[in-house]
Amino acid sequence: MPKKLFKLSIAPGFNKDDTDYSAGPSWVDGDKVRFHRGRPQKIQGWTNATDYTFDGIARAIVGWRATSDEFRYIAIGTDKKLYIWVHDTYTDITPLRTSGTLGANPITTTDTSTTVSIEHAGHGLVVGDIVIFDGASEVNNITVDGEYSVVEITDTNNYTITDTETADGSGAGGGSAVTFKYLIHIGPAEATAGLGYGAGRYNIGAWNTEREATASNSDIIIELGTWTLDLWGEDLIACPRGGANIYSWDLSAGTGTRAASIANAPASNFIQVSVEDRHLIALGTTVAGESTINPLHVRWSDQEDNTDWSATATNTAGSHLLTDGNQIIGAIRAAGQNLIFTDSSLFSMQFIGPDDTFGFSQLGTECGLIGPHAAAQVGNVVFWMGPDNFYAYDGTVRALRSSVYDYVYKGLNFSQKDQVFAGQVSSWEEIWWFYCSSSATECDSYVIYNYGENIWYTGTLDRSVWLETGQVDAGLPFSADYSGQLYIQESGVDAAGVAITSFIETGEFELTEGDEYLFVDRLIPDIELTGDINFTLKLRPYPAGTETSKGPYTLTTSTTKQDLRARGRQLAVRFESSSVGDNWRLGDQRLRVRPEGRN
């Protein structure tokens, strides 16, 4: 029989929830690709926003352009510190928990060791906390000066740090003028399960007393350290999770000033600013007059005064208790209202004026938020990832049907669900969710919902935060990885000067009824291409048969056809690029085939 050209008609998006064969002519796998107008293409690259890095893992990010000086500011909250990035420089503005002067000769060294013991009665520190010293005299070749991390808690009155120098003797010293500054404790870099000594925050239970594991308490999760960041005009509002204080950084005071506690503000897990009416909102906070956090309690300050939280007849401060769920997980602004997520439900908090100030209504049930930063807003629509599905709210809560649902949720490390971070790339009409796959303890994967074309695709990339386009100015998105590097996304075609490996692959399909073998001898490519791209043809006689591959064949801008020799009943195609400067967009590929009979 004569040879015939078959055009490969493949639907956009990934279908990862069927077998390769049942998926038919669909894209089933890929990495660092996107779809535009139904066609797959390599994603854009990224460049370093700065040559400097920050300390810790970024957990929250907010950006703004100040009207007072027209400079661009980005605030980053990590598991260790709080930073302001401006003029290509990071400044540590982490609040202090406490400061003062230590007792006489508080520093003890051990001969030939870099380990230094610090004596401070009731220090209240935990391993990993940041401490800063000044004024110490040399002790056996070691001068304790500057910033250190706590290495070990010896007891309630002593802890150790590591110096860069090695002691040439043992003994105590340092003098009587050693000053200290202890940064606030933010939390661990990742969620961990724990019981017994060391599990939980300082001063919980009796010191040196192990808690016995029982059926009811063996699943204790020590939550990772995270922040919520928002803006009060040009000033930063910051709240580390865990019943912490709410802090403010005054832009007019400059980067030489640390963030400080807002007077009278209650301890809270999260915060949000109601921008239009100028109220500061505490989410998962204390009831007025009490000290214990109620994880479903909401309080707000007086209008225009974030230091007045006592509700009276002459101000607009107040509170409200949500009634569905175990705890508030996060919040986001949209369409003139504040949307508050619990672990199971969605609530609206909307300014209504006197006498109640805010009105609350429940918008949905069984639609909670998986992690504090797992929601993104596009216009008047909010998209989020829940513990069991993807959702959108545009006046009505609706579950999003996803062709990669099983792949994502079955491959998700739920113990690290708080690391899920949502961002958007509005120029491509995409919502990205970064998550930890399988047993990973850092976000290494992403899932994208293209809301313009209602399709889904996935890939791998280590990002812990994402600052969406337009939040700083009309520029490109910012992101950060786990090494402390800040990036400008959608910039160029490479990974900060390094090649991006990008590929896409179909499931297995048949060009005829499937009862005949086919002989394939030519590909006629249709590709918008810069650089090279590799093409591989995969074949099987049956769904469970042995796969054979032909290629990869390197295609260039001058390739008009690629001759090959391949035989099979089911076919799959793969395109991949991995060189600096490569960029591509696929059109309609054609294969020349002829029937080879039945087996």
Side-chain angles (χ1 to χ4, degrees), residues 53-60 76-83 90-103 106-109 114-136 142 144-164 174 178-192 194 196-205 207-208 220-227 229 238-247 249 258-261 267-269 418 441 464 482 484:
T53 58
F54 51 80
D55 188 15
I57 298 171
R59 292 301 180 204
I76 299 173
T78 79
D79 62 302
K80 296 183 180 295
K81 294 182 178 181
L82 179 63
Y83 289 95
Y90 289 109
T91 300
D92 178 3
I93 61 164
T94 313
L96 298 181
R97 178 172 66 84
T98 187
S99 61
T101 303
L102 298 176
I107 300 167
T108 300
T109 65
T114 58
T115 298
V116 179
S117 180
I118 307 296
E119 182 181 4
H120 181 189
H123 53 73
L125 297 165
V126 298
V127 171
D129 278 356
I130 306 297
V131 296
I132 303 171
F133 299 104
D134 191 21
I142 291 180
V144 174
D145 182 71
E147 183 179 293
Y148 299 83
S149 292
V150 174
V151 174
E152 183 181 6
I153 303 299
T154 310
D155 53 39
T156 56
N157 300 323
N158 296 273
Y159 60 93
T160 66
I161 59 175
T162 300
D163 197 77
T164 56
V178 182
T179 63
F180 68 90
K181 296 177 181 177
Y182 294 163
L183 304 191
I184 61 168
H185 176 73
I186 300 163
E190 62 189 55
T192 57
Y197 176 76
R201 291 181 177 272
Y202 172 76
N203 207 29
I204 300 297
W207 178 80
N208 203 31
I220 290 176
I221 298 296
I222 302 173
E223 295 175 325
L224 61 83
T226 190
W227 298 77
L229 307 177
C239 180
R241 180 174 61 178
N245 293 337
I246 303 174
Y247 301 93
W249 177 73
R258 292 183 179 273
S261 295
S268 181
N269 283 328
D418 282 357
T441 56
S464 63
Y482 284 77

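- Nearest heavy atoms, Ser149 versus Ile130: OG-CD1, 3.4 Å.
- A 4.5 Å side-chain heavy-atom check between Asp418 and Thr226 finds every atom pair outside the cut-off.
- Closest heavy-atom contact between Ser261 and Tyr247: OG-CE2, 3.2 Å.
- Every side-chain contact (heavy atoms from CB on, under 4.5 Å) that Ser117 has, sequence neighbours left out, goes to Thr108, Asn158, Thr160.
- Note that CD1 of Ile222 and CD of Glu190 are 11.0 Å apart. Values are rounded to the nearest 0.5 Å.
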request  = Might you work through the side chain to side chain contact (heavy atoms under 4.5 Å, CB included) test for Leu102 and Phe133, ending with a clear yes or no?
outcome  = CA-CA 10 Å; Leu102 298 176; Phe133 299 104; 3.9 Å; yes
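- Minimum interatomic distance between Pro95 and Leu82 (heavy atoms only, all atoms of both residues): CD-CD2, 4.4 Å.
- In this structure the side chain of Thr101 reaches within 4.5 angstrom of the side chain of Thr179, judged on heavy atoms.
- In this structure, OG1 on Thr78 lies 9.0 Å from CZ on Arg59, to the nearest 0.5 angstrom.
- Every ring-ring contact (aromatic ring centres under 6.0 Å, His included) that Phe180 has, sequence neighbours left out, goes to His120, Tyr182.
- When side chains are defined from C-beta on, Ile153 counts as touching Val127, because their heavy atoms get closer than 4.5 Å.
- Partners of Asp163 by salt bridge (charged side-chain N to carboxylate O under 4.0 Å, His left out), not counting sequence neighbours: none found.
- Shown here for Ser268 and Cys239, the closest heavy-atom pair between the two residues is O-SG, 3.4 Å.
- Across every non-hydrogen atom of Gly242 and Asn269, the tightest pair is N-OD1, 3.1 Å.
- Of the listed residues (Ile107, Thr115, Thr114, Ile118), just one forms a side chain to side chain contact (heavy atoms under 4.5 Å, CB included) with Ile161, and that residue is Ile118.
- Tested against Lys181 for a side chain to side chain contact (heavy atoms under 4.5 Å, CB included), the candidates Thr98, Ile132, Asp134 yield a single pass: Ile132.
- Side-chain atoms of Asp79 do not come within 3.5 Å of backbone N or O of Gly225 as any donor-acceptor pair.
- Distance check: Thr91 OG1 to Arg258 CZ gives 10.5 Å after rounding to the nearest 0.5 Å.
- The side-chain hydrogen bond (donor to acceptor under 3.5 Å, both in side chains) test applied to Thr94 returns Asp92, not counting sequence neighbours.
- Checked against ring-ring contact (aromatic ring centres under 6.0 Å, His included), Tyr83 has the following partners two or more places apart in sequence or in another chain: Tyr90.
- With sequence neighbours excluded, no residue satisfies salt bridge (charged side-chain N to carboxylate O under 4.0 Å, His left out) with Arg97.
- Within the 4.5 Å cutoff, side-chain heavy atoms of Val131 are placed close to those of Tyr159.
- Taken to the nearest 0.5 Å, the CH2 atom of Trp249 stands 12.5 Å off from the CG atom of Leu229.
- Smallest separation of non-hydrogen atoms from Ser464 and Ala58: OG-O, 2.9 Å.
- Note that NZ of Lys80 is 10.0 Å distant from NE2 of His185, once rounded to the nearest 0.5 Å.
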